[in-house]
Amino acid sequence: MFPEKKSEFWKWTESSWKNPEADGRKARFISVGVDVGSVSSQAVIMADGKIQAYANIRTGSNSPESAVRVLRQALETAEMPEERIDYCVGTGYGRVNVPFADRTITEIACHARGANFLYGPKTRTVLDVGGQDVKVIRCDANGKVVDFLLNDKCAAGTGRGMEVFADLLGIPITEVGYRSFEFRGAEPPAVSCTCVVYAKSEATGLLRKGWSREEVLAAYCKAMAGRIYSMLERVGIEAEFVVTGGMAKNRGVIDRLMKLVGLEKVTTDWDVQIAGAVGAALFGYDACQKGKERKSGFPP
Amino acid sequence: MISQARELFCQRARMAAEWKEKGGKVIGYFNSLTPEELIWASGLMPMQILHSSGKITKSGQYLPEFLCAHLKGCLEQALNGELGYVDGVVIAHACEALRGFFGVWNRNVGIRSYFLQAPATSGKEAENYYHEELKLLWDFLGELSGQESSPERLREAIEIYNENRSLMKQFSELRKLPGSPVSGRDVISVVKAGLVIPKDVHNDLLRKLLAWFRESPPVPDGTDKLKFTLFSNTLEESDVVVQVIEELGGRVVSDNFGYGLRYCWEPIKVGSDPLRSLAGHYLKKIPCPGKYPLAQIAEELTEMAKSSGSDGIIWITEKFCDPYLFEYPFLVDRIKAEGFRMLSLEAEEAGNLPRLKMKIEAFLESLQENIV
Amino acid sequence: MEEREEVRELRNAFYEKYFQDLAEAQSGNKITTYVTGYLPSEILLAMDIFPFYPEAHASVGCAFNPAEEVDKLCRSAEIAGISRDLCAFSTCALGSMHAYPETNGGMPRPTFLISSAYTCGIHVLWWELMQHYYQVPHFIIDGPVLCADYEPRHIEFFISQIKELISFLEEQTKSRLDPDRFRRAIELSESASWYFSEILELRKTIPSPISFRQLTVEMFPIVTFPGAEETTNFYRALYEEVREKAERKISVAPREEFRLIWDNIPIFHDLDLIDYFESQGMVFVYETFFKEYWSKRLDPAHPFESLAKKYLSGWTNRRLERKIEIIEEAVESHAVDGIVVFQNKGCRAYSTGQLDVAMSLQERKGIPHLIFEGNMADPGGHDRNQVREMVDMFKDVLKSRKAGRKNG
């Protein structure tokens, strides 16, 4: 029923990007934001508040090492020596483990600020579905947090849950989105529970009953969307509503969620997985403008 | 100085043992609706049973999973034989789970226990009824201590407890001063000690603390800390939360705490019949949801946050605590109307420190004009 | 056996009366109050006050709506800050008010509110929220919060509370409680209770002539309108019918193999579960929820005292040891093979102490139990298949016990 030979279907590709138009050499301040999440880590390099380059990698078992690795990769992409950094802000689950950060700021504040940058100042509600948690953040026109809600301790409905599920069904994570719409007839009902452990056994049962993998996927995505939506309801959704984090790339969940939300989907050309690191880099830029200086050096 | 309070708290079992060596008896109780004065007046030592954060294993056989950690933890301790020094227990009705709980406790724990009913209203009939109930409780306590009930001794007990209320209130106020050496966490430590040591010893401690404070007055350092009011019904977890807030540069300046300010809100006014005065006080003055109008609780708590100049409110509740969960929507309405921001936490979140820190830090950040 | 004509007619007559009163209440032409479970509605009916029952509203809503709709109500409650960990009747009812504010969730606007503290203290808190919502007077019938047998002082306190209630009602309605109508209501309520308790008694016969599910539905009149003519008439007819079924040995199941006790409030959003038990030959013959609330008797010669005794002896007021005794007696009198312990997350008051009852029954009577967790009125997280698998396993336990008894 499941693929015999295990390949790593959950794996998404690491990436880096350099802004062809920005020229960091002329910039007054170079600020850096590093977001070390439970599943992925991002580093964003900003030149006077504009994105110069970024990198996105998978967080390894050692957070400080991942922080160093992602920043190195971003610096290489930007072709910038590390001495050039004026200020560095660490954020994310592993923010206290960013060894070279000058200060840390929570991912709540950074995601709000980052979403404001990536999606524009009309953003009022940010949904961030990360590897291990779901955050709903309400913010003002400056990207300042007004209210927020975190999911309860269970990992159901998070990126990690989706990875486990993709792996179980043998569907590459990047294909989950569109393949969850590839079923015939009416959309299958949501699975009753998004809890990873139970969903696994439920999925097994459904496959045994003759459901296609796409149908099971659809049922799981639908359940996840429902679960995320009930969180949004509790905080209240004010337009514009935007999504950040890895799950933003998963149409299977997000399209279904948007249907429940009933609002126009706001889009951006940016990779929204970097929102937290963008926010951190922006706070870093604030610090530079206020004359704050670098405290930490790079680890050897 | 404060470490003394923490030490006293940690040494509670030993102190109880010492008390017993001198021939005394210890009465365990569950919540702030227990008229402790009556226990004291009977020559017994009242000691609050606090749930420890230890694992719940044995009590799971007797109690539903969906009961608060306090009740599960208390039964667990008893089943583990950790309450050997307790000679009797008074369980005052504070919530519906307690009724069923009393049956389970009484059936499975070999300690003489008494269920104290408390009316939900405070009219004349309710007060008369409660007065009679207290008489019966007094008899129960007298049986345990072998002492006849004496109104004089009750008067003395109320005096000691009133003094404690007044000292606690004075001490709690100290954390509000800029640069005060007394933190919100210090207040919690002192409150905790007060629940488990004899009240006269606690009064001595408080007097010493107040004298020490006069010697070492606050040194304002010019920085303006974010100030918080804490609404909570759980002690151990509040201790953790307040510590995190204060490590992150905030300060808890006020609380409603079941055992904190709630406990010392007002002194008991003693009339010709001290028992009747006691009944009136516990019926009318303990702002516990279910026993006190919710609208009034919300009003008083909001007022508390306002008068203490708080920047935000932290609300912590034990999961599955019905009275507090019902209080919540009321409070939220009232607080939002006053423009306060509030962070709601579940007690069990204190068990996941990184996540707790993140939430509190994000809340603090959102209250700051500029994060950087 | 077909349902008797008379039963159908009298049931219809009751609902006609009920819905007529409800319509009048909804259009504002009738003095209306919200009442909590288990308070002396006899007095209200005698004063022509419509006692609307949010708990019944919630449970009926759960029983007759799809799970998605009920889930929506619970979510609406959550949005309003009302936790789903609370009494599930309250989340459903308050949730419906928030989901459909224009109709108060289908509930008539009350003239005033009445709650009671002795059956469940949660009611007082829940009613305070509704008081906040409607801004109308709220009377609390205080009472001894018992987990013990009642004593004279408890009766006295309760009577003082009923008298205060009457003064409150007279003040609110600007009319007096008519002694004749009061007596009549007590008589009617007593006789409805008599029929109801006799119906329950008939379940001692093998096979049992009426199902748990039917009782869950048919309890509505006695729960909402004790003391109304229509209620009593209906139960008289129902009693006759059930008696005939008992005499003719008509079973509710294809084959009654095992006789069970259900301990706790019914699981309203999955009443099909009862059918499933029956389809497997397992029939409920005794439920603490019916027996220990709605079959309590009244004495028209001593109306106040007997009201006190009725309303102070509900299951949640009982001493744990007494609960164990009562269930042990039921095991004998009803030839019971097993007990289903529904650990109801929606009601802590009912659920705390249940495990002791089950353990004691196992130890002293060798009666096996099925313990399962769920929620009486919140379908969230309820896995129907999983529960049915547990039922199957329980049947195996019952079977092997029976086989063991035959052989040993």
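Model, not experiment: these values are computed from the prediction. In what follows, every chain begins at residue 1, and chains take the letters A, B, ... in the order their sequences are listed.
- A centroid separation of 6.0 Å or more is found between the aromatic rings of C:F342 and C:Y350.
- If you measure heavy-atom distances from C:R153 to chain B, the contacts under 4.5 Å come from both the backbone and the side chain.
- Heavy atoms closer than 4.5 Å to chain C are found in both the backbone and the side chain of B:E125.
- Heavy atoms closer than 4.5 Å to chain B are found nowhere in C:I79, neither backbone nor side chain.
- The aromatic ring centres of C:W315 and C:Y293 sit 6.0 Å or more apart.
- Between C:W126 and B:F326, the ring centre distance reaches or exceeds 6.0 Å.
- Between chain B and the residues C:L320, C:L86, C:L146, the most heavy-atom pairs under 4.5 angstrom are made by C:L86.
- For the pair C:A88 and C:M376, the tightest heavy-atom approach, listed with the atom from each and the gap, is N-CE, 3.9 Å.
- Looking at C:A80, the atoms closer than 4.5 Å to chain B (heavy atoms on both sides) all sit in the backbone: N, CA, C or O.
- With hydrogens and angles disregarded, a donor-acceptor distance shorter than 3.5 Å links the side chain of C:D142 to the backbone of B:A120.
- C:F89 and C:F268 have tilted rings, their planes meeting at an angle from 30° to 60° on a 0 to 90° scale.
- A donor-acceptor pair under 3.5 Å is formed between the side chain of B:E76 and the backbone N or O of B:S59.
- When the shell of 6.0 Å around NZ of C:K365 is examined, it contains more than 12 heavy atoms from other residues, nucleotides or ligands.
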### Task
For the pair B:E318 and B:Y324, evaluate side chain to side chain donor-acceptor pair (under 3.5 Å) and give the outcome as yes or no after the intermediate values.
CA-CA 8 Å; B:E318 198 85 81; B:Y324 278 78; over 6 Å; no

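- Ranked by heavy-atom pairs under 4.5 Å with chain B, the first of C:L129, C:V145, C:L355, C:D85 is C:V145.
- Neither the backbone nor the side chain of B:L116 comes within contact range of chain C; no heavy atoms are under 4.5 Å apart.
- Side-chain rings of C:F112 and C:F139 stay apart, their centers remaining 6.0 Å or farther from each other.
- Neither the backbone nor the side chain of C:Q354 comes within contact range of chain B; no heavy atom of the residue lies under 4.5 Å from a heavy atom of that chain.
- Using a 4.5 Å cut-off between heavy atoms, B:E133 contacts chain C through its side chain alone, with no backbone atom that close.
- Only the side chain of C:E373 comes within less than 4.5 Å of a heavy atom in chain B; its backbone stays farther off.
- Proximity to chain B involves both the backbone and the side chain of C:N317, based on heavy atoms less than 4.5 angstrom apart.
- Heavy-atom distances place both the backbone and the side chain of B:V104 under 4.5 Å from chain C.
- Chain C forms more heavy-atom pairs under 4.5 Å with one residue of B:H93, B:E65, B:R107 than with any other, namely B:R107.
- When B:L67, B:N128, B:N106 are compared by the number of non-hydrogen pairs under 4.5 Å with chain C, B:L67 comes out ahead.
- When atom types are taken as modelled, the side chain of C:S351 and the backbone of C:N344 share a donor-acceptor pair closer than 3.5 angstrom.
- Chosen from B:F66, B:F320, B:W105, the residue pairing most often with chain C at heavy-atom distances under 4.5 Å is B:F66.
- Looking only at heavy-atom pairs under 4.5 Å with chain B, the residue among C:I140, C:I122, C:V124, C:I82 that has the most is C:I122.
- Aromatic pair B:F101/B:F30: centroids less than 6.0 angstrom apart.
- Chain B forms more heavy-atom pairs under 4.5 Å with one residue of C:S360, C:S90, C:A117, C:P144 than with any other, namely C:P144.
- There is no contact between C:Q131 and chain B, counting heavy-atom distances below 4.5 Å.
- Only the side chain of C:S83 comes within contact range of chain B, with at least one heavy atom under 4.5 Å from a heavy atom of that chain.
- Proximity to chain C (any heavy atom under 4.5 Å) is restricted, for B:Y129, to the side chain, taken from C-beta onward.
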### Trace of the side-chain contact (heavy atoms from CB on, under 4.5 Å) decision for B:V90 with B:F115
CA-CA 6 Å; B:V90 177; B:F115 185 78; over 6 Å; no

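- Using a 4.5 Å cut-off between heavy atoms, C:T119 contacts chain B through its backbone alone, with no side-chain atom that close.
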